[in-house]
Structures are given as structure tokens and as C-alpha cells.
Peer 1: 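If you scroll down you'll find the structure; I have some questions about it.
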Amino acid sequence: MWDRLAASDPGLLRLTAGLRTVTAIALTLAVLAALHVPVPQLVAGAIAAMVATFAIREKQRAQQAVTLACGLPVALASVSLGALLSQRVVAGDLFFVVLIFCAVYGRRFGDRGTALGLIGFQVYFLSLFVGATASVLPELYGVICVAFACSAAARFALLPQTPAGTLDRLRRAFRARLAQLLATQAELLDAGPDEAEKVLEDLRTGTARLHETALLIQGRLEDGTSDPAVARLLQRRIADAEIAAERLGLLLLTARSAQRTDTLTLHLPGAPLPSGGELPVRDGATAALHRDLQALRLLTLRPAGEASGTALAQVRNRLLGYREEENLPPAAPAVQDVFRGLGETARAALGLRLALDGPQDESDDTPATARSREELDAEDAAIEVSEESEAEEARPTGLKRPTTRAAVQVAVGSSLAIVGGELLSAQRWYWAVLTCWIVFLNTASTGEILVKGYRRLLGTVLGVVAGIGLAALVGHHTWTAFALVLLCIFAMFYTAPLSYTLMSFFVTAMLGLLYTLLHTYSLSVLVLRIEETALGAACGVIAAAVVLPVHTDRRTNELLVAVLDRLADVTRGAVDQLSGGAGGDLVEQARELDQALADLRAATQPLTHPITPLRSRRNTVRYVVALLETCAYHGRSLAATAELLPTHPSIAADPRLRGAGARIVHNIEAIAAHVTDPRSAAQIETGPSIASMLEPGTLRTPRYGRVTDRVLRHLQRLDEAVSGLARPLGLTGGPAQPRR
């Protein structure tokens with residue numbers, strides 16, 4: 001169960017965020033209750049503790065402490081102005097708009113600017129919510145100070161979180177998700193025609209989740225490791241394990257079909273199972289394959305202290321032995337390929353264990369296992385951290401800067417929300433402003449804002465229904481209501497990264513309870529909440545569409561070009577190194593490619609959302625993203641293979657690959673030029689397959705792991721995927737040019 005929890009919540013980031021926030025609020029309520037403060041101030045303390053906890057996002061504890069200390073005077077100033085301006089409608093509204101602009105503009109100053117902006121806005125909102133006046137300011141000062149102190153206690157004493165600890169939990173999550181993927185691959189062996197499609201969908205999900213965890217780890221390596229060499233080693237081992245597991249899934253699908261599986265099958269939702277359907281009747285080889293998949297899964301999950309003993313050593317030796325031709329069982333060629341892939345995955349798992357847990361017992365090693373260890377040791381010794389300085393990229397200025405543009409948009413949208421909200425309710429107009437503010441958080445295009453506003457409205461409607469039921473259930477039982485509030489807050493933070501609709505649902509259900517505590521609950525209040533939410537979302541969309549708009553097409557095109565540029569860099573560097581040159585820091589280039597693709601995938605959500613009316617366009621976007629994921633997989637694999645060149649005995653540089661890869665790089669750059677400017681004269685080059693571009697005889701008697709097999713396969717698939725990418729993007733092809 002712990003492994004399942006670690007896999008579902010990588011690094012326990014959601015669990016920690018929920019528990020820390022709830023702990024800070026509970027501690028604040030306990031202290032304030034001991035001081036016998038009235039219920040409105042209890043509510044103010046709970047909200048202040050929640051804001052002081054969730055607003056701070058820095059990874060280093062010293063930076064968190066500084067931001068929390070700076071946040072307290074910001075909170076006190078904000079609540080003071082909120083109370084003093086509560087009776088001056090025009091001045092209060094103007095100040096609120098200025099505050100909103102400054103809070104959003106502050107994002108340009110990084111995590112600290114974002115946190116202080118959030119604290120300033122949310123505490124001003126707090127003063128409006130509890131109806132703060134100048135006469136109660138001294139009490140509110142004390143309440144906010146208590147809330148910040150309790151937030152600090154929860155963060156630094158009760159539930160501390162260090163970058164190294166978070167990274168360690170993320171690595172355990174990677175192991176757990178790798179084991180889950182191997183279990184799904186074992187299910188694929190036995191899946192009949194009726195259940196094969198479901199298992200294939202599970203395989204896609206497991207592969208995507210493993211990649212998601214790898215990205216999370218890569219984003220925390222710098223802060224969570226002792227030095228850059230250790231970070232680079234972990235990054236390489238994580239990438240090796242991810243690529244090996246994905247390749248093993250492809251080999252299993254190929255073994256089930258009558259032809260080699262297209263990599264797109266693993267990345268395109270709804271893609272059919274390759275023709276053929278199922279493995280041959282269970283024989284000794286397929287039974288051994290099923291056994292060894294389960295054995296590898298258990299070895300992956302086994303803690304370092306328990307991963308010793310003769311029996312486990314024999315299992316590990318058997319799995320690593322499949323990397324040698326003489327150890328392969330008699331079977332069909334496609335099934336033998338699966339055994340080879342199993343051996344490569346076992347090697348990647350061994351490298352991951354050595355990187356995470358240190359040296360292991362080698363007394364029972366066979367020669368094949370010893371060779372694998374020697375290869376891994378040689379790779380570790382060859383790691384050098386690049387000290388090259390990166391060129392400063394040209395940054396947009398003025399209104400072109402994203403933070404400035406978003407600040408202007410949200411200020412205009414909030415002004416509209418204030419006017420419209422006060423027409424709906426002179427007392428609770430701020431709900432429209434809050435919604436307008438929230439739909440701009442972590443969004444960058446009109447489409448993203450529209451989808452986020454829709455999700456918030458849907459969650460609010462469902463939350464109103466829940467709030468009515470909870471308010472009737474609780475009545476006037478104060479501490480029962482506070483307990484349910486804490487439960488809703490935990491659920492809100494735990495589900496926030498998964499579903500914005502669910503988060504909005506729990507927020508609205510919590511508000512029903514808070515209104516009950518403030519004795520202001522009624523059905524009309526919750527209905528007004530829906531109306532104000534709809535108004536705020538509409539104002540946000542209008543502002544985003546009219547004021548300095550960033551259309552979804554423009555945003556996705558920019559990110560698409562960024563992905564293509566990173567893909568060209570990875571391909572060029574990998575091919576150069578495989579041809580005998582110097583390819584640069586391929587691991588880092590592959591990480592940048594993955595991050596760019598993740599940004600594009602998030603930005604295309606408005607185009608692929610179920611509510612979009614443009615069905616054909618949605619299918620095209622899904623197809624393009626799936627092709628890019630396929631290209632990224634082959635690019636990562638080429639980079640990983642090129643990194644092995646200096647140390648791997650069965651991989652040798654081949655100068656002929658430079659000419660073979662030049663066409664791919666040219667085509668990627670041509671597509672990027674066409675996306676940037678559709679009037680560009682760029683064309684993709686078509687011609688013979690990559691394999692046929694090399695001298696005859698290159699592919700005779702291929703051996704698994706050599707350039708003539710693995711590298712050519714990845715280059716061929718990458719060439720096909722890039723050519724396939726040109727068609728939906730409207731780019732034509734021309735004859736290939738001679739290359740050397």
C-alpha cells in the first residue's frame with residue numbers, strides 16, 4: 001500500500017502540502033481557542049494560516065524562512081488597508097485593482113515575488129470576507145501573527161521538508177512506478193483479444209506516469225544532491241531506466257503482432273493494438289518471460305537492505321545474462337528480442353540501484369553480471385559536469401513581458417468583476433474578483449483561461465450542492481464544522497494538481513461551512529456564489545481575449561517551435577557523437593526537450609478538452625503531440641546510446657551516420673521554420689530509408705546493442721515520425737539532397 005501511495009503521489013508532494021496546511025490551521029485554531037477569541041477571528045486565523053502555508057514555494061528552507069518573515073508585514077499592511085478602506089467604496093475598489101496588478105506583476109521576481117503577491121491579495125480578501133473594520137484591527141494583528149507563527153512551526157518543526165528528502169521520496173516513487181509498469185507489461189503477455197485494449201491503455205498510462213516522475217526528479221536534482229556530478233549520475237540512471245522500460249513495452253507489443261510495432265502506439269490515445277493480437281501458445285520461453293518480468297518487478301521494489309542473498313543474486317544474474325546471445329532461450333526472433341530487452345532493463349535497474357543505494361554485494365556475480373557492473377563503473381567514471389556558460393537569451397520587455405501583460409489583463413478583468421459583482425451583491429462582490437484572479441494563475445493563453453474558468457464554475461456548482469448538505473448536517477456545532485473545514489482543505493490541496501474541478505468543489509463546500517460558522521449561511525448566499533463565480537470567469541476570459549491577447553494558437557506554435565528546436569539539438573548532438581565527434585551535454589539537452597514537450601502538452605489542453613467543439617482539430621492536436629512524444633523517445637534513446645560510446649564495448653562510432661542524420665535535422669528545422677512563418681519556402685526532404693543510405697551490408701547479421709541495429713532503428717523511426725509530423729502541419733516534401 002505504501003508503494004501504491006508513493007506511486008500515485010510522487011515524492012508525497014500532495015500529501016505533504018495537504019498535511020502541512022491542515023496542521024498549520026489546526027495549530028492556529030488551538031492557540032486562538034485557548035485565547036477565547038470569537039468565531040470570526042477564528043475564521044480569519046484559519047484563512048491566514050492557510051495562505052501563509054501554501055503561498056511559499058521555494059525549495060530551500062532558508063529561503064522559505066525569509067519569504068515567510070517578509071510576508072508578515074505584507075499581510076499586516078494588507079489587512080489594515082482592507083479594514084480602513086472598507087467604508088470607502090471607490091477608494092477601496094481602486095486600491096484592490098492596484099493590489100491585484102502588483103501581485104501579478106510580482107511574479108517576474110520569482111517564487112518570493114509570487115508568494116508575497118499571493119499573501120497581499122489573499123489577506124485583503126480575508127478582511128473583506130470577515131468584514132474587518134478599524135476597531136478590530138489590533139485583534140486581527142494578533143490573529144495573523146499567531147497564524148504565521150503556527151505556519152512556521154508546521155513547516156520547520158512538525159512537518160519539515162528538505163530538498164534531499166523530497167528527492168529521496170521521488171526516487172522511491174520512480175521505483176514504484178517502474179514496478180507498476182513492469183506488472184502491466186506482464187499482464188500484456190496473458191491478455192486475450194477482449195482485454196488487450198484495456199491493458200494497452202494501462203501501458204500507455206504507466207509509461208506516461210514513469211516519464212512524469214522522471215521529470216519531477218530532474219527538476220529537483222540541483223537542490224537535492226550534494227554536487228553536480230552526483231546529480232548528473234542520477235539523471236543518467238533515471239533516463240536509462242525509463243528508456244529501457246519503454247523499449248521493453250514496445251518489444252512486447254511487437255512480439256504480440258505480426259509486424260514491428262510503431263512507437264506511436266505507446267503515445268497516441270486510442271491507437272489500436274498492432275495486428276496479430278496475442279502471443280503464441282504458452283511455451284517454455286513465454287512462461288520464462290512471464291516469470292522473469294515478475295522477478296524484475298520484485299527486484300526493483302526490494303529495498304537495498306533486503307536486496308542481498310544467493311537466491312536474489314541468481315535471479316539478477318539470470319536477467320543480466322540475457323544480454324549475451326548464448327544465454328537466450330530458443331524462441332521466435334521477436335520473443336528473443338523481448339529477452340534481450342529484459343536484460344537491458346535489468347542492467348538499467350542495476351545501475352539505478354547502484355546510483356541510489358551505493359555498492360552492492362558482488363560475491364555471487366556471474367561473468368555477465370560482472371561485465372555489466374564494469375560497464376556501469378566505467379560510465380560513472382566518465383561523467384564530467386559541463387561548466388559551459390549559457391548565453392543570455394533575449395527577454396521580452398515592456399508589455400511583451402508575460403508578467404506585465406498578465407498584470408494588465410487581470411487588472412482590467414478585476415475592474416469589470418468589481419463593477420458587475422457589486423451589481424449582483426454589494427456585500428459579496430469580491431467572489432467575482434477572486435475567480436477572475438484565480439483563472440489567471442498559471443495560465444498563459446485565452447484558451448487556458450477559458451478552460452480553467454469552466455472547471456472552476458463546474459466545481460463551484462457541485463460544491464454548492466455539497467455545501468448545502470454539510471451546512472444542514474453541521475448546524476451550529478462549531479468544532480464539528482471546523483473539523484470538516486480541515487478535511488475539505490486537505491482534500492483541496494491533495495486534489496489540486498490532479499483536478500482543478502475537484503479543488504473548486506472542496507473550496508466551495510468549505511465556504512458553506514465557513515458561512516455557517518459566521519452565521520451568514522443561506523441558500524441564496526451559495527447561489528450568489530455561483531453567479532459571482534460565473535461573472536468572474538467571464539470577466540477573466542473577456543479581459544484575456546480583448547486586452548493584449550495571447551491566442552492559444554500563437555502560444556502553442558511558440559511552444560511547438562521550442563520543442564522542435566530542442567529535438568534538433570538532441571538529434572544533432574547524438575548523431576555527431578555517434579559519428580565520432582563531440583555531442584555536448586546530451587543528458588541535459590534531452591532533459592530540456594522533455595521539459596519543452598511537457599509545457600506544450602499543458603498548453604494544448606484547451607484544444608484537446610472534451611468541451612471543444614472542433615473535433616477534427618482536437619484529433620489533429622492529439623496526433624501531433626503523440627508524434628512529438630514518439631520523436632522525443634527516439635531522441636532520448638539516441639542520446640543515451642551516444643553517452644555510452646566511450647565506455648561500451650559493443651558500440652562503436654560510425655562516421656557514415658552523420659550524413660544519415662543530417663536529413664532528419666534538416667527536416668526538423670524546416671518544420672520549425674514553417675510553423676514560425678507559414679510563408680517560409682522551407683521543405684522537408686524525402687528519400688530512401690535511413691538504413692539504405694548507408695553502404696550495403698551494414699545490416700547483415702545485426703547484433704543487439706550495436707550501431708547497426710539499435711541506432712539505425714531509432715534513426716529510422718525518428719525519420720518516419722518527423723516526416724509524419726510534416727503532413728498535419730501542412731508542409732510539403734522535396735527530393736533529398738546528397739549529404740556526407
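In what follows, every heavy atom counts, from backbone to side chain, and hydrogens, waters and symmetry copies are set aside.
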Peer 1: Any pair with a residue in residues 523-542 that passes ring pair (Phe, Tyr, Trp, His ring centres under 6.0 Å), sequence neighbours left out, goes on the list, sorted by first then second residue, please.
Peer 2: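 Qualifying pairs, neighbours excluded: none.
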
Peer 1: Among side-chain atoms of S504 and T460, is any donor-acceptor pair under 3.5 angstrom?
Peer 2: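 Side-chain D/A pair, S504 to T460: absent.
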
Peer 1: What side chain to side chain donor-acceptor pair (under 3.5 Å) pairs are there with at least one residue in residues 95-111, not counting sequence neighbours?
Peer 2: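 Listed by first then second residue: Y105-R108.
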
Peer 1: Do any pairs count as a salt bridge (Lys or Arg N to Asp or Glu O under 4.0 Å) and have a residue in residues 9-18, sequence neighbours left out, and if so which ones?
Peer 2: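 Non-adjacent pairs meeting salt bridge (Lys or Arg N to Asp or Glu O under 4.0 Å): D9-R14.
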
Peer 1: Kindly state each residue pair satisfying side chain to side chain donor-acceptor pair (under 3.5 Å) with at least one member in residues 26-41, sequence neighbours excluded.
Peer 2: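 Non-adjacent pairs meeting side chain to side chain donor-acceptor pair (under 3.5 Å): zero.
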
Peer 1: Apply side chain to side chain contact (heavy atoms under 4.5 Å, CB included) to V525 and list each qualifying residue two or more places apart in sequence or on a separate chain.
Peer 2: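 Applying side chain to side chain contact (heavy atoms under 4.5 Å, CB included) to V525 gives R428, Y515, S522.
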
Peer 1: For A598, give me all partners under side chain to side chain contact (heavy atoms under 4.5 Å, CB included), at least two apart in sequence or on another chain.
Peer 2: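 With neighbours one apart ignored, the set is L215, Q595, R601.
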
Peer 1: Report the residues that fulfil side chain to side chain contact (heavy atoms under 4.5 Å, CB included) with L159, sequence neighbours left out, ordered by chain and then residue number.
Peer 2: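 Counting only residues at least two positions away or on another chain, L159 forms a side chain to side chain contact (heavy atoms under 4.5 Å, CB included) with L19, R20, T23.
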
Peer 1: Filter on salt bridge (Lys or Arg N to Asp or Glu O under 4.0 Å), then keep only pairs touching residues 57-72, sequence neighbours left out; what's left?
Peer 2: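 As it turns out, the salt bridge (Lys or Arg N to Asp or Glu O under 4.0 Å) pairs with a partner in residues 57-72, which skip direct neighbours, are E58-R112.
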
Peer 1: Could you list the donor-acceptor pairs under 3.5 angstrom formed between side-chain atoms of residues 121-150 and any protein atom two or more places apart in sequence or on another chain?
Peer 2:
unit_1	atom_1	unit_2	atom_2	d
Y124	OH	G92	O	3.4
S127	OG	Y124	O	2.5
T133	OG1	S135	OG	3.0
Y141	OH	S80	OG	2.5

Peer 1: Under a 4.0 Å threshold between the charged nitrogen and the carboxylate oxygen, would R591 count as salt-bridged to E588?
Peer 2: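 Answer for the salt bridge query: yes.
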
Peer 1: Considering residues at least two apart in sequence or located in another chain, which fulfil the ring pair (Phe, Tyr, Trp, His ring centres under 6.0 Å) criterion with F109?
Peer 2: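 Not a single residue meets the ring pair (Phe, Tyr, Trp, His ring centres under 6.0 Å) criterion with F109.
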
Peer 1: Could you list the donor-acceptor pairs under 3.5 angstrom formed between side-chain atoms of residues 163-170 and any protein atom two or more places apart in sequence or on another chain?
Peer 2:
unit_1	atom_1	unit_2	atom_2	d
T166	OG1	Q161	NE2	3.4
T166	OG1	T162	O	3.1
D168	OD1	R171	NH2	3.3
D168	OD2	R172	NH1	2.6
R169	NE	G11	O	3.2

Peer 1: Partners of V419 by side chain to side chain contact (heavy atoms under 4.5 Å, CB included), sequence neighbours excluded?
Peer 2: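 Side chain to side chain contact (heavy atoms under 4.5 Å, CB included) check on V419 returns nothing, list empty.
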
